[in-house]
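See structure below.
Model, not experiment: these values are computed from the prediction.
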Amino acid sequence: MSEAVIRRMTEADVDGVAAVEAATFPTPWSRDAFASEMRNVAARYLVAEMDGKIIGYAGAWIILDESHITNIAVLSDYRGQGIGRKLTHGLMQYLSNLGAAYATLEVRKSNAVAQNLYVSLGFIKLGVRKRYYEDNGEDALIMVCDHMPEVDPDFTEAETVTE
């Protein structure tokens, strides 16, 4: 088995990302929602790809120095291999490179595995959103990380570079 490659999501990845989403969440975002995110100037997404197959993805919105992680998912057959960590850390690096001073997210109160990952990456629990999840009314924990990775001095992104 080859190693997962983490890269920026493109429009060609929308079907693969939507398939990961549908296999992961009880109330998944639609394919059209991901296609729309590709045109959203505030959105940035990464994919994990192995042998030409999208096996995971992570996305966020960034406005000025604020970022909000919207989704992180890895297909069940590939969990426990560090792919979620690589995606999340890669996304945090990307957001930092774009000027984010911190990142926030919501996570199911029952999802201890994800919470442990986020804590290991520097997130702290900040509060609770009562009955946040539509499928079962479960509460979400609000988590935040205010010490992002150091900015990569060689980072450039065509649509964000100004002369």
Side-chain angles (χ1 to χ4, degrees), residues 1-21 23-25 29 31-107 111 113-126 141-163:
M1 185 184 293
S2 60
E3 181 134 344
V5 173
I6 308 297
R7 61 172 175 77
R8 184 159 180 199
M9 181 180 166
T10 68
E11 288 195 36
D13 299 320
V14 168
D15 288 335
V17 167
V20 171
E21 173 85 357
T24 304
F25 297 112
W29 285 17
R31 182 204 181 281
D32 289 346
F34 287 107
S36 177
E37 286 291 83
M38 292 290 88
R39 296 182 299 275
N40 178 351
V41 297
R44 296 294 188 281
Y45 283 78
L46 299 177
V47 295
E49 183 178 43
M50 189 179 288
D51 301 323
K53 178 182 179 180
I54 303 297
I55 60 168
Y57 74 96
W61 296 328
I62 181 169
I63 298 170
L64 301 174
D65 67 342
E66 301 177 21
S67 64
H68 180 76
I69 296 173
T70 55
N71 336 52
I72 299 170
V74 175
L75 288 174
S76 59
D77 289 350
Y78 298 90
R79 292 182 193 150
Q81 300 175 34
I83 295 166
R85 172 176 295 282
K86 279 179 72 172
L87 273 167
T88 307
H89 184 268
L91 184 62
M92 291 172 69
Q93 180 68 61
Y94 195 3
L95 296 168
S96 178
N97 290 347
L98 291 170
Y102 64 94
T104 63
L105 57 80
E106 289 93 8
V107 60
N111 192 343
V113 172
Q115 290 171 43
N116 290 337
L117 168 64
Y118 303 142
V119 167
S120 76
L121 290 169
F123 283 81
I124 59 168
K125 296 172 187 171
L126 197 63
L141 296 179
I142 303 165
M143 299 185 77
V144 65
C145 179
D146 67 355
H147 45 282
M148 302 290 279
E150 290 293 320
V151 173
D152 177 352
D154 297 325
F155 176 81
T156 59
E157 183 176 79
E159 63 266 40
T160 59
V161 175
T162 56
E163 298 298 324

If you define the side chain from C-beta out and look only at heavy atoms, does anything of [X] sit under 4.5 Å from [Y]?
| X | Y | answer |
| --- | --- | --- |
| Ile69 | Thr104 | no |
| Tyr45 | Asn71 | yes |
| Arg44 | Arg8 | yes |
| Met9 | Tyr57 | no |
| His147 | Phe123 | no |
| Val113 | Asn111 | yes |
| Thr24 | Arg79 | yes |
| Tyr118 | Val107 | yes |

Taking all non-hydrogen atoms of both residues, which atom of [X] and which atom of [Y] are closest, and how far apart?
| X | Y | value |
| --- | --- | --- |
| Gly56 | Leu87 | C-CD1, 3.8 Å |
| Ile55 | Val20 | C-CG2, 4.0 Å |
| Ile72 | Ala58 | CG1-CB, 3.9 Å |
| Met92 | Cys145 | CE-SG, 3.7 Å |
| Asn97 | Glu150 | OD1-O, 4.3 Å |
| His89 | Pro149 | NE2-CG, 4.1 Å |

- request: Go through Ile83 and Gln81 one step at a time and tell me if the side-chain contact (heavy atoms from CB on, under 4.5 Å) criterion holds.
  value: CA-CA 6 Å; Ile83 295 166; Gln81 300 175 34; 4.2 Å; yes
message: Evaluate Val119 against Ile124 for side-chain contact (heavy atoms from CB on, under 4.5 Å), listing each step before the verdict.
response: CA-CA 6 Å; Val119 167; Ile124 59 168; over 6 Å; no
- request: Look at the rings of Phe34 and Trp29 and say which category their plane angle falls in: under 30° parallel, 30 to 60° tilted, over 60° perpendicular.
  value: tilted
field: Aromatic plane relationship, His68 with Trp61 - under 30° parallel, 30 to 60° tilted, over 60° perpendicular
entry: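 Rings of Trp61 and His68: tilted, as their planes differ by 30° to 60°.
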First locate atom [atom1] of [X], then atom [atom2] of [Y], and finally report the distance between them rounded to the nearest 0.5 Å.
| X | Y | atom1 | atom2 | answer |
| --- | --- | --- | --- | --- |
| Ile142 | Leu105 | CD1 | CG | 10.0 Å |
| Ser96 | Leu91 | OG | CG | 11.0 Å |
| Asn116 | Arg85 | CG | CZ | 10.0 Å |
| Met143 | Leu126 | CE | CG | 9.5 Å |
| Thr88 | Gln93 | OG1 | CD | 13.5 Å |
| Ile6 | Glu49 | CD1 | CD | 10.0 Å |

Within the distance-only criterion (no hydrogens, no angle test), does the side chain of [X] pair as donor or acceptor with the backbone N or O of [Y] below 3.5 angstrom?
| X | Y | value |
| --- | --- | --- |
| Ser67 | Ala101 | no |
| Ser120 | Leu117 | yes |
| Thr70 | Gly59 | yes |

- prompt: Run the salt bridge (Lys or Arg N to Asp or Glu O under 4.0 Å) check on Glu3 and Lys86 step by step: do they pass?
  reply: CA-CA 11 Å; Glu3 181 134 344; Lys86 279 179 72 172; 3.3 Å; yes
query: Testing Lys53, Arg7, Arg31 for salt bridge (Lys or Arg N to Asp or Glu O under 4.0 Å) with Asp13, which one passes?
result: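 So the option named by the test is Arg7.
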